[in-house]
Amino acid sequence: MPLLFIEGEGYERFRVRYWELLTDAILAGFYQPVADWCETYGKKFTAHLKAEESPFFQLSYSGSCFQVLKAVETPAIDALERYPGNNYYPRIVHSVAMQQGRSASLVEAMGGSGWGVSPESFTNYVMWLASHGIEQFVLHLNQLKLNTKAIQDWPPSMPNHVTWKDAFPALLASLQEQAAMLPDLKAKPNVLIVTPTRGIMATFDPKDTMQMNEHDGSNIPRSASGIINEKLLALVEACYASGIHYELSEERVIEEDGILMNGTLRIGKRDYNHVLVADGCRWNDTGMEDKMRSAGILVYGSDNWQELLPSRVPEIPNDEVSSRVRQSPWTVQPPQTNQIYVEFQDQSDGKLTAELSLEQPVKIGSMLLFVHDRVQEVRINGQSLTIVPKHGGFEVNVPEIVFALASKLTIEVSPLEGGEACPIAFLRGRFAVISQDEPMEKDEHQWMLKGPFKLVPMPAAIDGANLISSGFPFAGLPITMSKMIHMDEKSVTTLQLTDVQASAARVWLAGEELGWCWGPDFQVPTPKELAAGSYELKVNLYPSTFNMYGPHRHIDGDRYLTSPDQYKGIKNFADRPDAPELTKVKESHFVKWGISGDVRFIHQK
């Protein structure tokens, strides 16, 4: 056993045997019995493993994904966050599915990707996974009820609780159209890449995992096994970038399951004529590569594959020209209601309080407090108000008489004993939310506002270019914007919104709905030839769901990875390594929202 940790005589052989034994044990003790039971009773069986992102990361959690997933009827991965990851681990499940003759592979997608997920980021993520042959998608979470814990539980809850949920049918139709144009990965692959699983096992030192991020396997040290892992991932990325149709396996699968015949390596239901052996591969049969060559298989290494495997990078056609038309400025229709996130402060007596400044309260009118969890009592400006279960939460009507002569609104909540200690709540009404200080630009994606916030009457004129500083930072509903368009000649076109910052937009032209659009292009086709003349364009512009649920005061605001601890301001592995231990800041973050550009029409050449 000391050879697991120190380099003595025979340590590499011992470590390979040790990790392969553990792989066989978890397979025989758990996955295979479940698979057998499912087969006996006619059930489908899917599972993803922990740490699929690289063979180094996999080792101390599952041993070998290639061995374990052979027993899973529908092999799966867990693809977290909102941005595409490396191009190694999604291809594992597709490869195993093809080799084992399975009908499909599956992904649990976008866990912890945050409330800032948009149709654009969703499209990029799904298409990345689809480009690896994954056909079945399970979204990480769709909560039945959106209480406080649900809001903060590795969001988002999708599709039911994102601001742009009504766009989902159009989004799914768009994804199906795009996926239909992807290369057919069920066709015969160009090459099989051999993962050096044994090579990593042979040089793996458990202490090397101490600095590794347990969430995504990043920060792997450049130890002997770490370097082998790094070279493999670089090789796979190069093949993906070259447009090569590759599949994956490992040394043990080829030796134990592979059949050599007539210029082909057969693994289960899949035949390969070209094999690319990654650096660090370790064979029990030292003559394995020569045997493949003798059987007529073309065997490559990291030094010569680019010369011998053809690149198939698709060209992107440029067949569009654009034109502008005469048009009026954007006008904004004030919404019927707005809201502000009520940030409670703990008091020594166990109660929660929040204080909001009011300007001209009579012009604001009555308001509504919506609390996501049941509470014992709500008092506003000292008056106890009735709590009514409604719309999946609890509503408190706040009549104008409670605050008509006041300059502030003091909200006091008594949590339910044994219930949510600090429930999320929103105050809703016909008001705008204004920061006491000037807004600050965090980056190209976000604004920052410093509290305390003030509630003012809904303005008659609203700046549509920046709806955050115009009074709608916490809004969850779309805002309607319109303009007149004057066309001098008839045209068959695609309409494009420019300089847009929003999750999605729904577009009408001359009273006829054109449909949904989203970034990066914000284009929607016009359904028929447009004659010369004047048309009213109406757009419903949807805010990011992050603006509702946050965590607003996290140091980075809308991150691609959101954990429950980020709502508490406690640093965890979902934060950047250089983040402070306390990640809650004074400023509130909001994803930009508005339109500042003109409308363009896109013509096909």
Side-chain angles (χ1 to χ4, degrees), residues 44-54 57-58 62 65 69 72-97 102-144 146 150-165 167-180 182 185 215-218 240 503-504 518-519 544-546 549 558-564 573-574:
K44 300 279 281 184
F45 173 36
T46 190
H48 73 71
L49 310 181
K50 167 69 178 174
E52 304 115 321
E53 284 81 355
S54 74
F57 193 21
Q58 293 166 14
S62 305
C65 280
L69 289 176
V72 177
E73 188 273 335
T74 302
I77 59 167
D78 187 10
L80 301 165
E81 308 173 5
R82 83 172 69 150
Y83 298 137
N86 71 54
N87 293 296
Y88 170 72
Y89 74 103
R91 197 64 67 102
I92 293 176
V93 287
H94 169 74
S95 302
V96 172
R102 312 300 192 196
S103 59
S105 54
L106 179 145
V107 60
E108 179 188 354
M110 305 197 86
S113 52
W115 287 110
V117 169
S118 65
E120 178 183 354
S121 59
F122 186 80
T123 296
N124 292 340
Y125 206 77
V126 168
M127 292 307 298
W128 163 61
L129 292 164
S131 75
H132 287 287
I134 296 176
E135 297 177 338
Q136 297 187 17
F137 289 75
V138 177
L139 299 185
H140 168 77
L141 198 58
N142 189 23
Q143 302 277 7
L144 294 177
L146 205 63
I151 290 171
Q152 299 176 352
D153 181 23
W154 296 98
S157 169
M158 193 163 55
N160 279 359
H161 297 110
V162 291
T163 54
W164 43 274
K165 64 180 180 180
F168 246 83
L171 178 59
L172 296 180
S174 171
L175 289 169
Q176 288 177 327
E177 290 178 5
Q178 294 179 63
L182 289 171
L185 293 193
H215 164 69
D216 60 7
S218 61
Y240 184 82
S503 283
W518 45 81
S544 170
T545 317
F546 174 85
Y549 298 126
D558 178 33
R559 274 181 64 77
Y560 61 89
L561 175 61
T562 303
S563 74
F573 62 74

Original post:
Which residues pass the salt bridge (Lys or Arg N to Asp or Glu O under 4.0 Å) test with Glu81, sequence neighbours left out?
Top reply: none
**OP:** Give the C-alpha distance, both sets of side-chain angles, the deciding distance and a yes or no for side-chain contact (heavy atoms from CB on, under 4.5 Å) between Asp216 and Leu561.
**Re:** CA-CA 11 Å; Asp216 60 7; Leu561 175 61; over 6 Å; no
Original post:
Would you find a donor on one side and an acceptor on the other, under 3.5 Å apart, between the side chain of Arg82 and the backbone of Arg559?
Top reply: yes
Original post:
Among all residues two or more places apart in sequence or in another chain, which pass the side-chain hydrogen bond (donor to acceptor under 3.5 Å, both in side chains) test with Ser131?
Top reply: Tyr240
Subject >> Any donor-acceptor N/O pair, Asn86 side chain to Tyr89 backbone, under 3.5 Å >> reply: yes
Original post:
Measuring from Ile134:CD1 to His94:NE2, what's the distance to the nearest 0.5 Å?
Top reply: 9.5 Å
**OP:** Could I get the full list of salt bridge (Lys or Arg N to Asp or Glu O under 4.0 Å) partners for Arg91, not counting sequence neighbours?
**Re:** none
Using a 3.5 Å cut-off and no angle test, enumerate the donor-acceptor pairs between side-chain atoms of residues 108-120 and protein atoms at least two apart in sequence or in another chain.
residue, atom, partner, partner atom, Å
Glu108, OE1, His48, NE2, 3.0
Glu108, OE2, His140, ND1, 3.0
Ser113, OG, Met110, O, 2.7
Trp115, NE1, Ile151, O, 2.9
Trp115, NE1, Tyr567, OH, 3.4
Ser118, OG, Glu120, N, 3.4
Ser118, OG, Ser121, N, 3.2
Ser118, OG, Ser121, OG, 3.3

With a 3.5 Å cut-off and sequence neighbours excluded, list the donor-acceptor pairs that the side chains of residues 153-162 form with protein atoms.
residue, atom, partner, partner atom, Å
Ser157, OG, Gln143, N, 2.8
Ser157, OG, His161, ND1, 2.8

Subject >> Which residues share a side-chain hydrogen bond (donor to acceptor under 3.5 Å, both in side chains) with Ser544, sequence neighbours left out >> reply: none
**OP:** Could you pull out all residues at least two apart from Phe546 that satisfy ring-ring contact (aromatic ring centres under 6.0 Å, His included)?
**Re:** His552
**OP:** State which residues pass side-chain hydrogen bond (donor to acceptor under 3.5 Å, both in side chains) with Thr123; sequence neighbours excluded, sorted by chain then number.
**Re:** none
**OP:** Identify, with sequence neighbours excluded, every residue that meets side-chain hydrogen bond (donor to acceptor under 3.5 Å, both in side chains) alongside Thr74.
**Re:** none
Original post:
Looking at NE2 of His132 and CD1 of Ile77, how far apart are the two atoms once the value is rounded to the nearest 0.5 Å?
Top reply: 8.5 Å
**OP:** Tell me, please, which residues at least two apart from Val96 pass side chain to side chain contact (heavy atoms under 4.5 Å, CB included).
**Re:** Phe66, Leu69, Pro75, Ile92, Gln100
Subject >> Leu175/Met127 under side-chain contact (heavy atoms from CB on, under 4.5 Å): CA gap, chis, key distance, verdict >> reply: CA-CA 7 Å; Leu175 289 169; Met127 292 307 298; 4.1 Å; yes
Original post:
Between the side chain of Asn124 and the main-chain N/O of Pro84, is any donor-acceptor distance below 3.5 Å?
Top reply: no
Subject >> For Tyr88, all residues meeting ring-ring contact (aromatic ring centres under 6.0 Å, His included), sequence neighbours excluded >> reply: none
Original post:
What is the distance from atom NE2 of His215 to atom OG of Ser563, rounded to the nearest 0.5 Å?
Top reply: 9.5 Å
Original post:
Has the side chain of Glu52 got a donor or acceptor atom that lies under 3.5 Å from a matching backbone atom of Cys65?
Top reply: no
Original post:
Do Ser174 and Gln178 have side-chain atoms, one donor and one acceptor, less than 3.5 Å apart?
Top reply: yes
Subject >> Contacts of Tyr125 that satisfy ring-ring contact (aromatic ring centres under 6.0 Å, His included) - sequence neighbours left out >> reply: Trp128
Original post:
Taking the six-membered ring for Trp, are Phe168 and Phe122 ring centroids under 6.0 Å apart?
Top reply: yes
